[in-house]
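Worksheet: the structure to be examined is printed underneath.
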There are 2 protein chains.
Amino acid sequence: MKHNLIIADDHKMFLDGLLSILKTESNYNILFTAKHGGHVQKYITINTEEKIDLVITDVTMPEVDGITLNKWIKKASNSIKTLVVSMHNSPEIIDDLIENNVDGYLQKNAQKEEFLKAIETILSGEKYFSKEIKDIYLQNKFEKNKEKEIKLTKREVEVISLIAEEFTTQEIADKLFLSKHTIESYRKNLITKLNVRNLAGLTKYAIKKGYVS
Amino acid sequence: MKHNLIIADDHKMFLDGLLSILKTESNYNILFTAKHGGHVQKYITINTEEKIDLVITDVTMPEVDGITLNKWIKKASNSIKTLVVSMHNSPEIIDDLIENNVDGYLQKNAQKEEFLKAIETILSGEKYFSKEIKDIYLQNKFEKNKEKEIKLTKREVEVISLIAEEFTTQEIADKLFLSKHTIESYRKNLITKLNVRNLAGLTKYAIKKGYVS
DNA sequence: TATCAATTACGTATTAATACTTAATTTAAA
DNA sequence: TTTAAATTAAGTATTAATACGTAATTGATA
């Protein structure tokens with residue numbers, strides 16, 4: 001049985017090229033082509049006769065872009081697969097698409113063979129991302145985690161160390177020649193920053209980090 | 001030059017035996033023999049002419065015993081050596097003597113050769129204890145340390161674990177279906193028992209013991 | 001069955017910590 | 001050189017923890 005495809009791209013040249021590639025394959029039936037996402041949405045909404053297998057879409061399109069379209073499709077149906085093709089590799093876009101369950105992502109400069117392989121893979125139920133895209137996605141995740149990673153300032157480390165060494169706020173203030181209020185601020189900020197409940201949590205963190213033994 | 005010895009023992013038989021052994025050795029001069037420690041103390045106090053090298057004394061004697069005598073001698077002089085001979089091997093007595101810097105300890109059933117070796121060793125400036133005595137002493141130390149080793153009860157472990165998990169006293173009380181007062185008691189006892197200053201110390205202990213991670 | 005360790009509990013007072021807000025000053029970075 | 005981050009500080013209110021003392025039960029064990 002033939003697979004029903006929809007293609008959305010506002011660049012006629014790319015659209016034609018893609019169509020020519022797909023025409024060489026006998027088992028793909030192009031149901032509909034669109035210049036932007038809105039047309040696809042309308043088509044999917046109206047069409048209740050034919051089963052839609054895959055929507056291939058560009059990212060940058062007027063009115064409704066590929067990101068929005070992917071999100072919309074995935075909300076509207078859990079059988080329609082999506083393959084996004086794009087000129088650029090913005091980590092944010094890739095991240096958004098993946099978070100919204102896109103089935104594949106390709107660069108527009110991909111070879112004919114890769115296009116066919118991607119479509120085939122996706123229609124078989126698997127995801128398709130080139131190694132490069134996977135790397136970009138993961139790299140982005142790593143960096144985001146790094147950002148999330150709690151970093152204590154020098155002073156904070158100094159204070160939490162003394163806290164874990166069983167000194168009271170007043171004692172620490174005296175040691176560092178600071179106001180008791182200041183140490184209280186640090187204490188409070190550390191509890192918030194490290195997402196713990198009290199002194200016990202601070203102590204555990206300090207031990208984990210090797211600030212005390 | 002001959003070494004000057006004093007012997008204190010209220011058992012005539014043992015005293016005679018010891019004297020006969022020492023007479024075979026030409027370089028020992030028996031300055032004085034006594035039936036109990038008091039006599040030795042008096043002799044040492046009055047005597048200012050002769051240098052006293054070694055006092056051999058029994059443990060159990062009337063009036064002033066060997067333990068007291070050793071303590072007294074070591075306080076009075078840092079040149080007089082002491083060798084204690086005893087019938088029994090009480091760890092407490094051995095411990096007391098060693099803590100008070102006794103120079104040697106022998107069982108009364110030791111062989112002639114060991115007596116001579118002990119005296120010789122001590123006069124040369126070294127300590128003399130038989131392997132058996134050393135073992136008794138060390139075993140006693142180990143056991144004492146074991147006693148000192150802090151043991152937490154089941155409940156205490158339970159409570160300190162929850163404390164280190166950042167729960168408050170009230171929360172722990174609710175969890176264990178106990179009064180808040182009870183948990184406060186545990187908290188207080190744990191701080192005293194573990195010799196720490198506060199929650200941080202408790203947490204560190206709990207981590208060290210693996211009660212929390 | 002007497003005794004000791006363990007568990008449980010209460011009371012009062014004091015001190016320390018936490019919650020919440022705000023903000024001046026200094027230093028580092030864009 | 002403006003912005004952002006770090007350091008410093010204060011005030012008020014509430015809650016939690018610590019200090020110190022005391023003691024009734026329960027359970028094990030000698």
Side-chain angles (χ1 to χ4, degrees), chain A residues 91-92 143-209 211-212, chain B residues 143-209 211-212:
Chain A
E92 287 75 24
E143 272 164 25
K144 272 195 175 171
N145 285 341
K146 220 174 203 173
E147 277 164 30
K148 272 183 209 162
E149 197 176 85
I150 303 147
K151 265 178 210 155
L152 298 190
T153 67
K154 265 188 186 178
R155 240 343 182 204
E156 284 174 331
V157 170
E158 212 168 357
V159 172
I160 199 176
S161 301
L162 291 168
I163 288 172
E165 278 167 30
E166 302 177 52
F167 292 109
T168 65
T169 299
Q170 187 60 66
E171 287 170 342
I172 296 168
D174 294 344
K175 258 179 205 292
L176 302 180
F177 303 105
L178 293 173
S179 157
K180 182 185 163 182
H181 296 292
T182 306
I183 307 303
E184 271 173 359
S185 286
Y186 277 110
R187 245 192 138 99
K188 175 190 55 190
N189 288 336
L190 283 164
I191 286 173
T192 308
K193 211 167 176 179
L194 300 176
N195 198 33
V196 296
R197 297 186 66 193
N198 55 27
L199 177 44
L202 293 181
T203 305
K204 285 197 281 179
Y205 183 88
I207 289 174
K208 204 188 286 172
K209 288 290 176 180
Y211 300 148
V212 285
Chain B
E143 271 165 24
K144 272 194 174 170
N145 285 342
K146 219 174 203 172
E147 276 165 29
K148 273 182 205 162
E149 198 176 83
I150 302 147
K151 265 178 209 155
L152 298 190
T153 66
K154 264 190 186 177
R155 233 357 175 195
E156 284 173 333
V157 169
E158 210 168 359
V159 172
I160 199 176
S161 300
L162 291 168
I163 287 172
E165 277 167 31
E166 301 176 54
F167 293 109
T168 64
T169 298
Q170 186 60 65
E171 288 170 343
I172 296 168
D174 293 345
K175 259 177 204 293
L176 301 180
F177 303 104
L178 293 172
S179 158
K180 183 185 163 183
H181 297 291
T182 305
I183 307 301
E184 272 171 0
S185 285
Y186 276 110
R187 245 190 138 101
K188 177 185 53 186
N189 288 337
L190 283 165
I191 286 174
T192 306
K193 212 168 174 178
L194 301 176
N195 198 33
V196 296
R197 297 186 67 193
N198 56 27
L199 177 44
L202 293 180
T203 306
K204 284 197 283 181
Y205 182 89
I207 289 174
K208 202 188 290 175
K209 288 290 176 182
Y211 300 148
V212 285

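Heavy-atom basis, side chains included; hydrogens, waters and symmetry copies ignored. Chain identifiers are assigned alphabetically (A, B, ...) following the order of the sequence lines, protein sequences preceding nucleic acid strands; residue numbering begins at 1 within each chain.
- The stretch residues 161-182 of chain A comes close to DNA chain C through A:T168, A:T169, each having a heavy atom under 4.0 Å from the strand.
- Direction of the helix axis in the helix from C:dT1-D:dA30 to C:dA30-D:dT1 shifts by 60° between the two five-pair termini, rounded to 10°.
- In this structure, the side chains of B:Y205 and B:V196 stay at 4.5 Å or more apart for every pair of heavy atoms.
- Expressed to the nearest 0.5 Å, how far CZ of B:F167 lies from CG of A:N198 amounts to 10.5 Å.
- The distance between atom OH of A:Y186 and atom C1' of C:dA17, rounded to the nearest whole Å, is 18 Å.
- B:N189 has its CG atom 15 Å from the P atom of D:dT22, to the nearest Å.
- Other residues, nucleotides and ligands contribute more than 12 heavy atoms inside 6.0 Å of the NZ atom of B:K193.
- The side chain of A:S185 sits closest to D:dA9 out of D:dT18, D:dT7, D:dA9.
- B:R187 contributes atom CZ, which lies 5.0 Å from atom CG of B:L199 (distance to the nearest 0.5 angstrom).
- D:dT8 atom P lies 11 Å from atom CD of A:E156, rounded to whole Å.
- B:R155 has no side-chain polar atom (N or O) that falls below the 4.0 Å cut-off from OP1 or OP2 of C:dA6.
- Atom CD1 of B:I183 and atom CD of B:E158 lie 8.5 Å apart (nearest 0.5 Å).
- Rounded to an integer number of Å, the gap from CG of A:N198 to C1' of D:dT18 is 15 Å.
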Could you give me the CA-CA distance, side-chain angles and deciding distance for A:K175 and A:E165, then say whether salt bridge (charged side-chain N to carboxylate O under 4.0 Å, His left out) is met? CA-CA 13 Å; A:K175 258 179 205 292; A:E165 278 167 30; over 6 Å; no
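- What separates NZ of B:K154 from C1' of C:dA5 is a distance of 14 Å, to the nearest Å.
- The interatomic distance linking A:I191 (CD1) with D:dA16 (C1') rounds to 12 Å, in whole Å.
- The CZ atom of A:R187 sits 18 Å away from the P atom of D:dT7 (whole-angstrom rounding).
- Summarising the geometry, atom OH belonging to B:Y186 is positioned 5.5 Å from atom OG1 belonging to B:T153; distances are rounded to the nearest 0.5 Å.
- One can place CD of B:E184 at 12 Å from P of C:dG11, the figure rounded to the nearest angstrom.
- In this structure, B:I191 CD1 and B:N195 CG are separated by 11.0 Å, a value rounded to the nearest 0.5 Å.
- Taken from CG in A:L176 to CZ in A:R155, the straight-line distance is 5.0 Å, to the nearest 0.5 Å.
- Ranking C:dA9, C:dT22, C:dA17 by closeness to the A:K188 side chain, first place goes to C:dT22.
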